[in-house]
Structures are given as C-alpha cells and as structure tokens.
Amino acid sequence: MPEVGDTGLIDFASVLNAEQYEAVTAPFGPALVLAGAGSGKTRTLTYRVAWLLSQGVKPSDILLLTFTNKAAREMLGRVEELTGVPARYFWGGTFHHIGQRFIRLFGTSVGIGKNFNIIDADDAESLLGQVIQDTDREFLKHKDNPKTRVVMSIVSYARNTCRPVGEVISDKYDYFEEVSGQIQQFAKLYQAKKLEQQVADYDDLLEYWLKILESDEQAAYYASQRFTQILVDEYQDTNMLQSRIIDRIGTHHRIMAVGDDAQCIYTWRGADFDNIMTFPDRHPGTRIFKIETNYRSTPEILRFANRVLDCQPDGIGFRKELKAFRAANIHPYFIQAIDTRQQAQFVAQRIDYLVENRGMNYRDIAVLYRAHYQAMDLQVELSKRRVPYQITSGVRFFEQAHIRDLVAQVRFAVNPEDSTAFQRFTCLLPKMGPKTALKILELAKDLSHKQKKSVLDVLNQDAILKKVPELGREEWPSLVQTLRDIASNAASEPKQPEAAVKIAVEGWYGDYIREAYENWMQRKDDLESLIGFAARFDSMAEMLAQLVLLNSETSDRSIERSEDCVRLTTVHQAKGLEFPAVFVIGLADGQFPIKRAVEEGNVEEERRLFYVAVTRAMDELYMVFPIISVQAGPMTRSEPSRFIREVPPTCFETVAMHQHRY
DNA sequence: AGTGCTAGCCTTTTT
DNA sequence: GGCTAGCACT
C-alpha cells in the first residue's frame, strides 16, 4: 500500500475556491454537486478523492464511475499526480467497464460464465438480424416494418430505461404498434441467443450487473461493503439502469453525484436527468452544492452561453447562471458563409491566422460539429493547406474491418460458442456466407460432442471440409491451424494475449489481407500495433473486453502523430474538453438542430448540446453558418440555426462572408 | 437456397 | 460517401 500520508500536505482551502472547497470536504453521506460548465468539476472530483484519502479512506474503498474512458483515465491520472496513489488501486472506469469486471466475478448466478465475450454494436445488430430472420422470414421484407437497426434501438432504449418493450412502443413508436408483439418476441429470443453463445452486448453489461445486485444477496452485500465511497461523474447522463445500480451498491448513501442538468445530451440513449432531480428524494439528507464560477471562458462567451440556456422553456432543470471570473475579451463571432466549402475555407484560413499571427498552437484549436459527415469538406481544405489535424472520426481504430476480422479469430479461439465471431472471419472465404458458416459450426459442434474433442480439433476433418464451398477449401486448413495455434500455443506463453494476437497476425489472416486489400501494408501495420496493445494485458478476457469497450480510442499510431494538431470532433465527443479557440460549424437550422430531432420534438436536447459546444471555448468562439448545403442529397438553402436567432444579437458579432471578402 | 453485384436510397449523437 | 433491396448466378 503506498503512502497515503502525502495527502496531508494538500492545503485544500487554499487551492480550491469556496464553492469547490465546500463540496470537496462535504461530510460522508449523500451529496449532489451541481457544477456548471468550466467550473472545475473534474478538479472537484479529483480533490474529493484526495480528501477522502486524507480522511483515512482506502483507495480500494472508492468506486469512481464515469461515462467515457477518457474521463476515467484523466481523473485517475490527476489523482495519482495529486496523491501519488497509482490509478490501479481504485475501482474506476466507465459504467460498462466496471460492470464487465463485476459480471466476471458474479455472473454465474445469472448464467454468464467467466469467459464471456463482449460484442460491439455491429455484431449485436447482425445477431438480432439473424434472430428476426429465423423467426419470421417475411418480417424485414415488409416495407412498413422496422429494420433491424430500428428494432435494436427500440429494444435497447427499453432496456436502458428499465421499461417493457411493449410500453416503449406504445409510447414512442405507436406506428409499430401492430408488430409490437413480434418485436417483444425478437427481444426475448435475442436475449436467449446471446446467453447461449455466452456473449454480452453493451446493454447487458449494465443489465446483468443490476440483475446480479438485485438477485444475488452475497454479491450485493460484497459490493456495498467493498465500496463504501461512490463517486459518479456526469450524473445527469445516467439512465435508469445506471442510477439503480448506484442506488443498489450505495445502500449506505455515501454517494457523491456530480453533474449539470444543462449538459444532459444522452436522452436518446435513455439518459434521464430526472435522476439528478430526484436524487435527494432517493437519498435522504442529501446536501446540494452549486459550483457556478467559471474559470474557463471569457465573460462574452459566458454571456452568450447563458442566453442560450435562457431560451429553454420554463421548468426544465435547475436555474443556473455561469458567473465569469476572467477579464473581458472579444465577442463570439457568427460567420455566414455561402456554402459548406466556403465554410471550410473560412475555418482553415482563420486557423492559419490564429497560428501565424496570434501565436496559438494547432492543439489550442477545435472544430466541433453535430455529425461526423459535416467534417468532410473541412478535411479536404485542411489537407490542402497542410494544417495538421486529428479527427475522432466515425470509423474508429477498433471498428475497422481488418481489426475486427482479426479479433474475431481470437474471440472464437477463446470461446467457440461465439458463432458471431465465427461467421465474421469464415465469411471472408469465397462463396461463404453467414448461413453456410452457421451450418458448418453446427456440424462441428455436433462432431465435437460425439468424438469428445474440442470444436477447434474437429474443424479440419473431412466431413467439415466437404461443407466448405469449393473455392475456399484450399485456404481452410491454414485458417483452422491458426485458430488452433491461438488456442493452444498462446495458452502456453507467459504473455498470453500478446502471443495470441501475434499468432493471429502471422497466421492465415496475414496472408489473406495481401490479396484482399490494396493498402495491405498499412493494414498490416495496424495489426502489428494491435500486438502492442495486447501486450498490456494479462488475461485474454480483459483484453478482448477492452477492445470492445475502448472502441472510441484512436490507434497508437495516430496518437503519436497528434502532438500538435487541430481537433475535429463531434460535440458529444468534445464534452469535458476545453480549447482556447473553438469553431462550431454547420449552424444551419436542420443541421444543428438536426432535422430529425426537430421532427421528433427533441429540440431541447439539441439546445443543451449547443450549450455544451459553446462552453468548450476559452477565448474565442466562431460559429459558422453555411447558407447552402450540398452534403445530403439535393442542394438546400437554409436559415441560420434557431439557437443563434433566439439569442439577442448584441451577444455576438455577425460577419457575412459574401459581403466582406475575407 | 444462398451468395454476389449493382442501382438507387439516406445520412446523429456512444459505451 | 455507405447501405439495402432486388436481381442474377452457382
């Protein structure tokens, strides 16, 4: 156990402001910290951990829950810096990550073994698709019926809000009322299918966690005894599952929930800021702390942000007003460009200007947008001008086809019940489709049962080979050999995950990509870097879990290059970050707020999202509006975003690019 | 029956 | 620019 005594050296009163100090040193027991944007929320949580340690609380007593991996890493990193206690001494991470660890410990009581695999959204969708096909071949052919993706989102929403599927359909999707029964049936079968395959989707990680806490008394007792201090970040974005999990573990009420209802941007995923509003009811004696002094932004930016919130209808959330700490500076700009190309030109030009004439670094600048596709023109323009940028794009490192193909082989070698994984890589062979793959796997399981051998050991028998379409027969033995090597050879290595991935990269797939991809060299590099990633883990299960749960990570390769880069990201991904200069692009009505949200009546969430966007800016805020968009389908002419029009024009300065040449 | 190809559809946000 | 329905091919 490291020395905890050094926390005694921290003079909490002098490094925190009065509001923060109150919260940090709040007595044990329920506390709700309402921290506005830029008010030092992370700082408060970090110092709270340090303060708890100074009060004799052990790191292992603390459970720290966050929404993103980034937030978890950052927070524990800062704690380590502050107190010298290494991050690994805490149970800290995303809900999904902690849930995964918990289920590996106690999953047997709900029928989940230690070595279950986690499937990502794509795999989950194809599994559900299969279930639908198997149950009713005609269902997806019917035009009026929801597609697999929609069925998935309905079911997922129901699960995250702890409501029956039928109720969600009547409530939010009444136009699917006729097939409500069928959808419920699909949901049930999908659940059974996953259990059979010993795989869990993202929602399962929360659902099983709660189920265990509710049904397994020992596990529940362990959890609440073990974690005597619970800290939750971004509490406004918790959904019903998450808030119930917290309440279940925190029967002792020593919970500190930190959040800002004005920044709730995940209701589409089931987040409910009622959780924050009713926290005091569920935890009697809750102390409420408000932290409103903003250290991040100029008064002009804050004035703008506050006016954005003013436009919310009455009765939504707690009233709040960010109070400026910093000195006056320039106004936010509202730039009207002709089209998305001119918008991109403006941003690129201005970035050049900020770097060359104002001494900013590229890394001080971020461009935010509502949806990934809006960044396309900008990428072209930035490349043209050789402005270095890093994009947290729609296609993430671990989501690339070649990464997933490879991982599927490792997954299957670890858990031969995982037919989703099996399908993924076998379908790479010519003429091999999902149906054929499934048949082969069924036969293999059959043979393995009869011969009392493992599935991997029967895969290269003649009976199986006969089922493989002719064009793929030559490759088959090499593929099977690789799978067996992963399972057996890697198991005898001291660093099993690393060895397994290495074998997979050097085996059948290494040859396959040469023929499959033009740019196989680059993809090979990606795969090599995956070996390095695997080397960080001791257990296969943990490595495979992290591959799925870290899916928003960028590759090691691109992190190296990201030293001094402009950041291009969606507003969602920018939450919690700050930049001296921020560009918000695509501020046309229909793009932000996005058309669909307007049609579905979710404008308030879009407004909160816009609020999150503008409060990322420290010194300079540029909001850009393309009058004409050619991005999606036909050319459309649009009005400036209602979020801009609703704010008094005195809060910003308008520049029309078609009048003043830049 | 199952896989592969192409023309015409629509484009959100994340663990 | 990605995805699916529909059709052709084995």
Side-chain angles (χ1 to χ4, degrees), chain A residues 65-72 93-100 118-122 124-125 129 133 137 140-143 147-149 153 156 159-160 200-207 209 234 237-239 241-242 264-271 368-377 379-380 392-396 398-399 401 427 429-439 467 469-472 545-553 569-575 586 590-600 602 605-606 608-610 612-613 629-634 636:
Chain A
L65 292 163
T66 62
F67 266 79
T68 63
N69 297 296
K70 205 168 55 197
T94 63
F95 278 91
H96 293 83
H97 181 212
I98 302 289
Q100 176 262 140
I118 302 171
I119 56 176
D120 64 21
D122 271 10
E125 199 179 308
Q133 283 288 316
R137 307 195 125 268
L140 292 171
K141 288 187 184 152
H142 232 95
K143 263 221 216 58
K147 301 213 173 63
T148 308
R149 162 168 300 191
S153 70
S156 175
R159 298 171 69 194
N160 280 291
D201 63 19
Y202 288 128
D203 298 337
D204 283 326
L205 299 180
L206 305 179
E207 226 172 26
W209 188 6
E234 308 279 13
D237 279 324
T238 53
N239 61 35
L241 274 175
Q242 290 161 327
C264 175
I265 55 176
Y266 286 105
T267 59
W268 50 275
R269 212 171 76 183
L368 312 185
Y369 34 83
R370 176 65 246 259
H372 286 298
Y373 70 90
Q374 293 174 324
M376 269 176 4
D377 283 315
Q379 286 185 71
V380 174
T392 40
S393 74
V395 191
R396 325 252 173 56
F398 293 129
E399 275 177 12
C427 288
L429 298 177
K431 298 284 162 198
M432 180 80 88
K435 285 281 157 62
T436 315
L438 219 52
K439 275 184 198 159
K467 296 262 182 194
E470 218 173 326
L471 286 165
Q546 286 304 331
L547 278 174
V548 184
L549 295 175
L550 287 179
N551 77 346
S552 63
E553 295 291 280
T569 132
T570 62
V571 183
H572 281 91
Q573 289 181 322
K575 188 154 102 163
Q591 283 181 62
F592 201 165
I594 202 160
K595 202 170 96 204
R596 203 162 126 177
V598 177
E599 284 163 1
E600 290 174 6
N602 299 327
E605 173 132 329
E606 297 284 301
R608 292 192 294 268
L609 195 58
F610 183 56
V612 169
S629 296
V630 278
Q631 295 183 13
T636 46

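Each chain gets a letter, A, B and so on, in the order the sequences are listed, and its residues count up from 1. All values below were derived from every heavy atom in this structure, side-chain atoms included, with hydrogens, water molecules and symmetry-related copies excluded.
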| said: Nearest whole Å is fine: how far is B:dT12 P from A:Q573 CD? | reply: 15 Å
| query | With A:T66, which residues qualify under side-chain hydrogen bond (donor to acceptor under 3.5 Å, both in side chains), at least two apart? | reply | none
| Which residues share a side chain to side chain contact (heavy atoms under 4.5 Å, CB included) with A:A271, sequence neighbours left out | A:D237, A:C264, A:Y266
| Which residue lies toward the 5' end of DNA chain B, A:Y266 or A:T436, if each is placed at its nearest nucleotide? | A:T436
When you compare the protein's N or O atoms with those of nucleotides 4-7 of chain B, which come within less than 3.5 Å of each other, and at what distance?
from  : atom 1 : to     : atom 2 : distance (Å)
B:dG4 : OP1    : A:K431 : N      : 2.8

| query | Donor-acceptor pair under 3.5 Å: do we get one between A:R370's side chain and the base of B:dT13? | reply | yes
| task | For A:H572, enumerate each residue passing the side-chain hydrogen bond (donor to acceptor under 3.5 Å, both in side chains) test, keeping only those at least two apart in sequence or located in another chain. | result | none
| message | Please report the distance, rounded to the nearest Å, between CG in A:L438 and P in B:dT3. | response | 10 Å
| query | Once you round it to whole Å, what is the distance between C1' of B:dT13 and CD of A:Q591? | reply | 15 Å
| said: Within the 4.0 Å heavy-atom criterion, would you say A:P469 contacts the bases, only the backbone, or no part of the nucleic acid? | reply: nothing
| field | A:N602: partners by side-chain hydrogen bond (donor to acceptor under 3.5 Å, both in side chains), with sequence neighbours left out | value | none
| Touch class at under 4.0 angstrom, heavy-atom based, for A:F67 against every strand present | sugar-phosphate
| field | Integer-rounded Å distance: B:dT15 P and A:Q100 CD | value | 15 Å
| A:W268 ring over B:dT13 six-membered base ring, under 5.5 Å and 30° | yes
| Within this structure, what is the CD-to-C1' distance between A:Q374 and B:dT13, rounded to whole angstrom? | 11 Å
| A:I265 CD1 to B:dT15 P: how many Å, rounded? | 11 Å
| Quantified in whole Å, what is the C1' atom distance between nucleotide C:dT4 and nucleotide B:dT13? | 23 Å
| message | Whether A:T68 contacts B:dT14 is assessed here as follows: a side-chain N or O lying under 4.0 Å from the phosphate OP1 or OP2. Is that the case? | response | no
| Protein-nucleotide distance (A:R149, atom CZ; C:dC3, atom C1'), rounded to Å | 9 Å
| Any side-chain N or O of A:H372 under 4.0 Å from OP1/OP2 of B:dT13? | yes
| query | With a 4.0 Å cut-off on heavy atoms, is A:K439 in touch with a base, just the backbone sugar-phosphate, or nothing at all? | reply | sugar-phosphate
| Enclosure of A:E470 CD (heavy-atom neighbours >12, cutoff 6.0 Å) | no
| OP1 or OP2 of B:dT14 sitting under 4.0 Å from any side-chain N/O of A:R269? | no
| salt bridge (Lys or Arg N to Asp or Glu O under 4.0 Å) with A:D203: which residues, sequence neighbours excluded? | A:R159
| field | A:R608 and A:E605 ion-paired at < 4.0 Å | value | yes
| query | Nearest-Å distance, CG (A:D122) to P (C:dT4)? | reply | 10 Å
| message | Between A:E125 and A:R149 (salt bridge meaning N to carboxylate O under 4.0 Å), is one present in this structure? | response | yes
